[in-house]
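Just so it is clear, the model here is predicted, and its values are computed rather than measured.
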Amino acid sequence: MRLFVSEGAPGSLPVLAAAGRARGRAELLISTVGPEDCVVPFLTRPKVPVLQLDSGNYLFSTSAICRYFFLLSGWEQDDLTNQWLEWEATELQPALSAALYYLVVQGKKGDDVLGSVRRALTHIDHSLRRQNCPFLAGETESLADIVLWGALYPLLQDPAYLPEELSALHSWFQTLSTQEPCQRAAETVLKQQGVLALRPYLQKQPQPSPPEGRAVTNEPEEEELATLSEEEIAMAVTAWEKGLESLPPLRPQQNPVLPVAGERNVLITSALPYVNNVPHLGNIIGCVLSADVFARYSRLRQWNTLYLCGTDEYGTATETKAMEEGLTPQEICDKYHIIHADIYRWFNISFDVFGRTTTPQQTKITQDIFQRLLARGFVLQDTVEQLRCERCARFLADRFVEGVCPFCGFEEARGDQCDKCGKLINAVELKKPQCKVCRSCPVVKSSQHLFLDLPKLEKRLEEWLGKTLPGSDWTPNARFIIRSWLRDGLKPRCITRDLKWGTPVPLEGFEDKVFYVWFDATIGYLSITANYTDQWEKWWKNPEQVDLYQFMAKDNVPFHGLVFPCSALGAEDNYTLVSHLIATEYLNYEDGKFSKSRGVGVFGDMAQDTGIPADIWRFYLLYIRPEGQDSAFSWTDMLLKNNSELLNNLGNFINRAGMFVSKFFGGYVPEMVLTPDDQRLLAHVTLELRRYHQLLEKVRIRDALRSILTISRHGNQYIQVNEPWKRIKGSEADRQRAGTVTGLAVNIAALLSVMLQPYMPTVSATIQAQLQLPPPACSILLTNFLCTLPAGHQIGTVSPLFQKLENDQIESLRQRFGGGQAKMSPKPAVAETGTTAAPQQIQALMDEVTKQGNIVRELKAQKADKNQVAAEVAKLLDLKKQLAVAEGKPPEVPKGKKKK
């Protein structure tokens with residue numbers, strides 16, 4: 001077969017993506033021709049793309065070519081796909097051709113471009129919501145997805161033309177855009193130029209006619225409501241009317257949490273953070289915060305959930321940090337474990353257990369897995385050329401070496417991995433290596449080591465992946481990374497190191513060595529569970545009943561998706577392996593990377609000193625979560641998102657709904673007599689709620705957050721259109737209408753409080769307290785929108801949820817975290833402070849500090865007398881000093897006071 005494509009021809013995108021999916025099914029030659037070359041002899045005008053079959057026949061319709069490639073892959077045709085292809089040809093293409101022509105050839109921008117295609121985009125978004133499926137024709141990618149993605153990609157790859165309110169479309173588009181065949185097709189056609197790559201081709205095409213049809217609206221929700229079926233509306237009303245009686249009984253709480261036969265048992269881990277440093281915002285969103293959202297969601301679904309994490313404490317990094325600070329490795333671990341735990345507590349991470357790897361259980365389980373691998377012939381011995389520092393008189397473990405990466409030339413590559421290109425490397429491969437301790441140039445010498453025989457385990461791994469990946473929620477980047485490792489062929493991997501701080505190797509001749517941290521670090525999940533319960537094997541040797549979700553940044557994928565599975569499969573002890581591997585891309589800071597040494601970026605122990613509540617940090621980090629590609633923290637964007645999405649959208653709606661109940665109806669939810677429009681709103685909220693569930697079940701955390709904001713926007717619009725503040729002053733019918741609008745709005749606010757719980761738990765609890773939401777409704781989230789605040793329900797005191805972030809405040813923080821904090825003197829080590837008080841006394845003081853802090857905030861919000869505020873602030877500072885002494889820390893020096 002021969003495929004003819006032309007540079008810059010939009011139709012080439014979907015056919016190249018479809019061809020990529022069918023790679024290996026047949027021989028295919030791809031030829032690039034000019035836009036004016038006539039490939040098909042019997043056509044009077046040039047036409048690309050064209051597929052010439054081995055029979056000599058030609059296919060010259062984009063959808064026909066894509067269909068042929070899909071059929072080669074074993075795809076079976078279905079009616080829904082055919083309907084989408086017909087719609088793409090008759091509805092989407094005319095609108096899209098006009099939009100691309102306006103943008104690329106005529107240089108128009110904004111609504112001049114988007115106006116012609118907005119209706120079509122809204123149709124796709126609404127269809128995805130209604131089906132409650134990730135793809136156009138169901139749970140799996142189909143021909144329709146590739147054809148529509150290829151048509152839309154030139155326009156939607158620019159975020160300005162992908163409306164944020166169309167969250168279902170956004171999610172679908174990002175999913176496809178991160179797949180390898182689609183990425184390759186986009187690179188081939190657009191060549192890093194974006195939509196401008198189409199200009200030479202489009203300039204030679206006739207100007208398309210503007211699409212006909214009714215006027216396009218800028219309010220897609222009106223069109224969405226109009227297309228709801230009567231059946232959908234009736235079902236939503238029925239569910240609403242059942243109210244609280246629809247809620248199932250709460251699951252009884254267990255201690256310890258153990259799998260239960262017949263239930264969904266969800267085991268969640270987040271990558272164990274290195275104990276030797278303080279996590280920055282990228283570390284927090286990459287593992288613990290993302291996993292926390294899913295753990296909280298799992299509990300709302302009443303799934304039997306165990307969420308665990310802990311500090312990774314063995315290895316070179318700990319020894320290095322101990323040398324830097326003049327402490328023993330154990331003292332470093334003790335110090336930084338407390339720092340990590342405090343940071344995650346402030347961020348409200350809901351671990352069931354937060355442990356550590358320096359435990360007897362870690363040694364016992366790691367050595368058992370090793371012995372089983374050794375007995376089954378999966379461990380090799382070999383001599384390794386290693387770097388040895390003659391000045392320090394020791395072999396240098398990976399983290400004690402720095403040099404130039406042999407792959408990308410990065411000048412600060414570590415001896416085990418390059419932080420720039422992500423490649424794993426052996427220290428002897430580094431160019432211009434240096435000892436990190438004394439900066440001398442090490443020499444290469446031999447040392448005997450143990451290796452995991454990955455080539456011998458490769459077939460088992462591929463069989464396991466073949467069973468696990470289909471239907472799982474492994475992220476596209478995780479799948480790609482593991483495939484690339486397998487494509488290159490697995491090689492034996494060294495599992496020992498010449499160190500003292502680590503799990504001892506139980507083998508004669510290797511008594512002076514320890515296990516390489518990335519052999520035993522992933523076993524830390526097992527040992528942390530074993531320290532939590534002696535019945536740990538019910539979680540970790542129970543793959544039939546346990547669903548394991550593991551959260552991490554993409555650099556950890558090889559160890560969780562390949563090294564540990566190979567170890568567990570080789571040990572042959574029925575270990576639970578990862579079902580869903582959730583990997584993020586990287587979060588950058590403004591225009592660069594986080595750097596503790598240079599004082600660039602916000603680190604976990606600094607966030608709480610900014611005066612910005614933890615829930616605001618959670619919200620913004622989750623809003624920009626790097627799901628499909630790297631993203632960047634931006635102070636300006638944080639201000640905008642707080643002031644627009646939280647203050648003006650979400651907070652405004654929830655506060656207005658509650659205030660109307662308090663002000664107009666004495667604090668009692670009024671009677672609700674639903675009109676057809678109200679019933680349609682119920683159905684629309686139900687659709688968005690189900691979209692939220694669908695996304696979180698697939699661990700699309702960032703996109704699910706947008707569903708919350710979409711419902712809030714619809715609530716604001718509903719209030720604005722119906723104006724209950726005016727109707728309450730009118731006739732009896734008007735007052736009744738004001739009651740219905742207020743009652744429905746406050747119930748939407750109640751629903752939002754539960755949907756918010758995984759993202760902003762403190763704000764969620766505050767809303768629920770203000771609305772006096774019944775306890776069962778706070779802990780369970782169904783797929784239907786229920787009336788949880790019936791007529792006559794009394795709510796509590798309503799107050800604003802969010803505060804505006806000011807430009808000068810944000811600019812000050814930007815300056816502070818742009819390199820300034822590196823100059824600040826470091827906090828004294830915990831080990832150097834006095835003794836700590838009893839835990840009960842510390843907790844009592846923490847409660848007092850929180851209580852007094854709330855008093856100060858309320859006084860400031862009310863703009864109370866300055867002397868009164870100062871007196872309460874003095875009490876707060878005194879309580880903080882008492883707490884610091886109780887915790888064994890030195891009292892804080894008041895900020896802003898300069899010594900004379």
Side-chain angles (χ1 to χ4, degrees), residues 129-134 167-168 228-229 231-253 260 262-266 293-305 350 547 654 657 669 672 674 678-701 703-712 714-715 743-761 764-765 767-768 771-791 793:
R129 292 170 192 272
R130 289 188 63 188
Q131 289 181 154
N132 202 26
C133 293
S167 58
L228 289 167
S229 70
E231 183 183 6
E232 286 173 316
I233 295 170
M235 290 173 64
V237 172
T238 300
W240 159 270
E241 290 173 345
K242 287 182 179 178
L244 291 170
E245 68 183 52
S246 299
L247 294 175
L250 287 172
R251 288 189 76 261
Q253 291 192 344
V260 177
E263 292 192 21
R264 182 171 183 189
N265 302 295
V266 178
V293 172
F294 189 71
R296 289 176 179 276
Y297 173 71
S298 297
R299 297 179 191 121
L300 282 176
R301 295 299 303 274
Q302 296 286 283
W303 299 336
N304 187 35
T305 304
S350 62
D547 228 357
I654 291 172
V669 176
M672 291 163 273
L674 301 184
D678 299 330
Q679 294 175 348
R680 288 155 67 81
L681 180 61
L682 289 183
H684 182 55
V685 171
T686 300
L687 272 178
E688 199 62 53
L689 171 61
R690 289 179 178 175
R691 176 70 180 160
Y692 167 93
H693 279 296
Q694 177 208 339
L695 289 165
L696 278 181
E697 285 172 5
K698 295 292 182 183
V699 205
R700 300 298 296 270
I701 292 170
D703 292 334
L705 178 55
R706 283 159 170 74
S707 290
I708 296 173
L709 300 174
T710 298
I711 290 176
S712 178
H714 295 326
L744 182 48
V746 80
N747 269 280
I748 294 174
L751 171 67
L752 288 171
S753 77
V754 187
M755 294 174 72
L756 267 176
Q757 207 263 11
Y759 294 89
M760 305 178 79
S764 167
I767 300 167
Q768 290 168 1
L771 300 182
Q772 295 293 298
L773 188 63
C778 298
S779 304
I780 300 175
L781 186 61
L782 302 183
T783 56
N784 288 317
F785 175 29
L786 312 178
C787 178
T788 53
L789 301 178
H793 172 88

Between [X] (side chain) and [Y] (backbone), is there a donor-acceptor pair under 3.5 Å?
X	Y	value
His793	Leu771	yes
Asn747	Leu789	yes
Asn265	Val260	yes
Gln302	Arg251	yes
Ser764	Ser753	yes

What heavy-atom pair brings [X] and [Y] nearest, and what distance separates the two atoms?
X	Y	value
Val669	Pro790	CB-O, 3.5 Å
Ile780	Pro248	CD1-O, 3.2 Å
Cys133	Gln694	C-NE2, 2.9 Å
Ser779	Leu250	CB-CD2, 3.5 Å
Leu695	Ser707	CD1-OG, 4.1 Å
Ser246	Ala239	OG-O, 4.4 Å

Report yes if the side chains of [X] and [Y] come closer than 4.5 Å at any heavy-atom pair, otherwise no.
X	Y	result
Thr686	Asn784	yes
Ile708	Glu688	no
Leu781	His693	yes
Val699	Ile701	yes
Cys787	Met672	yes
Leu744	Leu682	yes
Asp703	Lys698	no

Does the plane of the ring in Phe294 sit parallel, tilted or perpendicular to the ring in Trp303? Use 30° and 60° as the thresholds.
tilted
For the residue pair Tyr692 and Tyr759, categorise the inter-ring angle as parallel (less than 30°), tilted (30 to 60°) or perpendicular (more than 60°).
tilted
For Thr788, the option from Leu244, Val746, Val754 that meets side-chain contact (heavy atoms from CB on, under 4.5 Å):
Leu244
Spacing of [atom1] belonging to [X] relative to [atom2] belonging to [Y], to within rounding of 0.5 Å:
X	Y	atom1	atom2	answer
Leu756	Ile654	CG	CD1	6.0 Å
Glu263	Thr305	CD	OG1	10.0 Å
Arg264	Ser298	CZ	OG	7.0 Å
Gln679	Thr238	CD	OG1	9.5 Å
Arg690	Leu782	CZ	CG	10.5 Å
Leu705	Met755	CG	CE	9.5 Å

Step-by-step side-chain contact (heavy atoms from CB on, under 4.5 Å) determination, Glu697 to Arg301
CA-CA 10 Å; Glu697 285 172 5; Arg301 295 299 303 274; 2.6 Å; yes
Among side-chain atoms of Arg129 and Ser167, is any donor-acceptor pair under 3.5 angstrom?
yes
Do Thr710 and Arg691 meet the criterion of a side-chain donor-acceptor pair at a distance under 3.5 Å?
no
For the pair Ile767 and Leu752, evaluate side-chain contact (heavy atoms from CB on, under 4.5 Å) and give the outcome as yes or no after the intermediate values.
CA-CA 9 Å; Ile767 300 167; Leu752 288 171; over 6 Å; no
